[in-house]
Amino acid sequence: MTPLTRRRLGIFRAHKRGFWSMWIFLALFFLSLFAEFIANDRPLLIRFDGHWYVPALADYSEDTFGADFLPTEADFSDPDLAVVIRAHGWMIWPVIPFGYDTIVKNLPVPAPAPPSWRNLLGTDDQARDVLARVIYGFRLSVLFGFTLTIVSSIVGVASGAVQGFYGGLTDLFFQRFIEIWSGMPQLYLLIILGSIITPTFWILLIFLLLFSWMALTGVVRAEFLRGRNLDYVRAARALGVSDTAVMWRHILPNAMVATLTFLPFTLSGSVTILSSLDFLGFGLPPGSPSLGELVAQGKNNLQAPWLGITAFVVLGGMLTLLVFVGEAVRDAFDPRRTAA
């Protein structure tokens with residue numbers, strides 16, 4: 001590890017707010033990766049007549065647990081099936097016995113039901129457990145944000161590097177294209193797209209990628225315009241080093257310093273975009289575990305304040321953690337900062 005890297009890590013650790021925000025965010029994201037084992041309407045493990053079954057990972061038909069049942073997919077919330085399984089073995093349920101799309105039955109009041117020991121954050125207006133939808137929605141939002149951030153950063157860095165390194169007509173035409181492309185009405189195009197096909201995770205990702213890659217292009221372009229005239233770069237080109245090698249080995253490491261400081265903010269922006277589209281009804285298909293859909297539920301059910309409060313706390317907390325991490329990364333790469 002170089003002294004510069006140690007210095008940056010020291011500054012990052014010294015930024016207590018950002019350092020602990022990173023660990024809190026990573027812990028929450030790690031837990032959400034195992035959402036099927038935390039919130040599910042299927043048991044984690046079943047022991048029946050000396051055999052082991054893992055319904056959380058595999059599908060089983062009801063006749064697996066007795067010839068009196070039909071050869072259809074097992075509904076483990078069925079009391080008759082539960083009685084038969086417990087008579088010949090046992091089963092272990094997740095902490096939250098509801099999936100993100102499970103309809104909670106036998107509610108004491110019409111949905112949306114308020115928080116209770118059975119549903120810690122209550123239910124929405126379709127009688128689905130809010131806590132289960134928050135866990136799955138958090139995972140979906142973060143995975144979408146990570147994917148969009150990584151792919152758009154790669155495309156944006158590559159395009160900015162080509163612009164800044166070659167300059168001239170390449171830079172001129174590329175800049176005019178970016179000016180025209182950035183002026184396209186994204187929301188209207190998305191409305192048109194949604195009227196033709198049903199948006200999915202990957203369709204939304206590709207569509208947003210068409211425009212999000214421009215966020216880092218200007219920063220990288222400026223770094224390459226400055227770096228291509230430095231003495232060590234000109235010496236490398238004079239020695240016959242290929243343009244690709246010069247860009248990758250000599251200029252890109254310096255350009256990435258400015259780029260990395262933007263990544264946490266780009267990630268928070270990606271999460272916000274997905275939530276906004278889901279709130280407006282132009283995002284993921286209906287029924288998907290979406291934080292934006294939870295915000296819409298809170299707006300449409302003002303008599304159920306727990307929906308709006310939950311959406312505000314989850315989205316606000318997630319974006320706050322990412323902003324704090326971004327501040328710590330920015331300070332770590334600031335050459336004027338010193339470790340405390």
Going hydrophobic residue to hydrophobic residue with side-chain gaps under 4.5 angstrom, can you get from Val314 over to Leu321? yes
Give the cluster check for Val323 versus Leu315: same hydrophobic cluster or not, with ILVMFWY residues linked at side-chain heavy-atom distances below 4.5 Å. no
Could you tell me if the side chain of Arg128 sits less than 4.5 Å from the side chain of Val104, heavy atoms only? no
Give a yes or no on this: more than 12 heavy atoms of other residues, nucleotides or ligands lie within 6.0 Å of atom OH of Tyr232. yes
Trp93: which residues meet the side chain to side chain contact (heavy atoms under 4.5 Å, CB included) condition with it, sequence neighbours left out? Pro43, Phe76, Arg86, Met91, Pro97
Does CH2 belonging to Trp23 count more than 12 external heavy atoms closer than 6.0 Å? no
Arg226 to Glu223 - nearest heavy-atom pair and separation: NH2-OE1, 2.8 Å
Same apolar cluster (I L V M F W Y, side chains within < 4.5 Å links), Phe265/Phe19: no
Verify whether one side chain among Glu293 and Gln297 offers a donor that lies under 3.5 Å from an acceptor in the other. yes
If you count heavy atoms of other groups shown closer than 6.0 angstrom to OH of Tyr136, is the number above 12? yes
Member of Leu148, Leu205, Leu208 meeting the side chain to side chain contact (heavy atoms under 4.5 Å, CB included) criterion with Ser270: Leu148
In Å and rounded to the nearest 0.5 Å, what is the CG to CD1 distance from Leu209 to Ile150? 12.0 Å
What is the minimum heavy-atom distance between Ala132 and Gly99, and which atoms define it? CB-O, 3.7 Å
Answer yes or no: is there a side-chain heavy-atom contact under 4.5 Å between Met318 and Leu28? no
Run the numbers on Asp243 and Arg228 for salt bridge (charged side-chain N to carboxylate O under 4.0 Å, His left out), then give the verdict. CA-CA 10 Å; Asp243 291 347; Arg228 69 173 185 164; over 6 Å; no
Quick check: do Asp59 and Arg42 have side-chain heavy atoms less than 4.5 Å from each other? yes
Tell me if the CH2 atom of Trp52 is crowded by more than 12 foreign heavy atoms within 6.0 Å. yes
Is it the case that one hydrophobic cluster holds both Ile309 and Ile135, taking links as side-chain heavy atoms less than 4.5 Å apart, direct or via other members? no
Relative to the ring of Trp213, is the ring of Phe177 parallel (under 30°), tilted (30 to 60°) or perpendicular (over 60°)? parallel
Gly164 versus Leu225, closest heavy-atom pair with distance: O-CD2, 3.4 Å
Verify same cluster id: Phe98, Val109 (apolar side-chain graph, 4.5 Å): no
Minimum side-chain heavy-atom gap Glu62-Asp75 below 4.5 Å: yes
Worked verdict on Phe12 versus Val329 for side chain to side chain contact (heavy atoms under 4.5 Å, CB included): CA-CA 6 Å; Phe12 183 81; Val329 174; 3.9 Å; yes
In Å, rounded to the nearest 0.5 Å, how long is the span from CZ of Phe211 to CG of Leu189? 5.0 Å
Side-chain heavy atoms of Leu291 within contact of Asp278, under 4.5 Å: no
So which heavy atom on Ser141 is nearest to which on Leu274, and how close? CA-CD2, 4.1 Å
Just do the side chain to side chain contact (heavy atoms under 4.5 Å, CB included) check on Leu263 and Leu216 with the steps written out, would you? CA-CA 9 Å; Leu263 290 185; Leu216 295 177; 4.3 Å; yes
Interatomic distance, CD@Glu36 vs CG@Asp41, rounded to 0.5 Å, equals 11.0 Å
With distance as the sole test, does His15 use its side chain to make a donor-acceptor pair with the main-chain N or O of Ile11 at under 3.5 Å? no
With under 30° as parallel and over 60° as perpendicular, where do the rings of Tyr60 and Tyr53 fit, or are they tilted in between? perpendicular
Around atom CZ of Arg47, are there more than 12 heavy atoms of other residues, nucleotides or ligands at under 6.0 Å? yes
Phe25 vs Phe29 aromatic rings, parallel, tilted or perpendicular, using cut-offs 30° and 60°? parallel
When you look at Phe37 and Leu44, which way does the side chain to side chain contact (heavy atoms under 4.5 Å, CB included) test go after all the steps? CA-CA 7 Å; Phe37 298 96; Leu44 299 177; 3.8 Å; yes
Are the side chains of Asn119 and Leu107 in touch, meaning some heavy atoms are under 4.5 Å apart? yes
Between Thr272 and Ser275, a side-chain donor and acceptor under 3.5 Å: no
As an exercise, state the distance from CG of Leu190 to CG of Leu204, rounded to the nearest 0.5 Å. 6.5 Å
Backbone N or O of Tyr100 within a donor-acceptor pair of the Arg133 side chain at under 3.5 Å? yes
Does a side chain donor of either Thr217 or Ser159 reach within less than 3.5 Å of an acceptor in the other side chain? yes
Which atom of Phe65 lies closest to which atom of Ile85, heavy atoms considered: CD2-CG1, 4.1 Å
Is a side-chain N or O of Ser32 found less than 3.5 angstrom from the main chain of Ala35, in a donor-acceptor match? no
If we only count heavy atoms from C-beta on, is the Met247 to Leu252 side-chain gap below 4.5 Å? no
Flag side-chain contact, heavy atom, 4.5 Å: Arg221 against Phe174: no
Could you go through Thr170 and Phe165, starting from their C-alpha distance and side-chain angles, then the distance that decides it, and tell me whether this counts as side chain to side chain contact (heavy atoms under 4.5 Å, CB included)? CA-CA 9 Å; Thr170 301; Phe165 186 78; over 6 Å; no
Could you report the tightest heavy-atom contact between Ala127 and Ala111, atom names first, then the distance? N-CB, 3.7 Å
Side-chain donor/acceptor of Ser288 to backbone N/O of Ser290, under 3.5 Å: no
Ala304 backbone acceptor or donor facing Asn301 side chain under 3.5 Å: no
Ser268 (side chain) donor-acceptor with Leu319 (main chain) under 3.5 angstrom: no
Gap between atom OG1 of Thr149 and atom CG of Leu267 - 0.5 Å precision: 4.5 Å
How long is the span from the CD1 atom in Ile251 to the CG atom in Asn229, to the nearest 0.5 Å? 9.0 Å
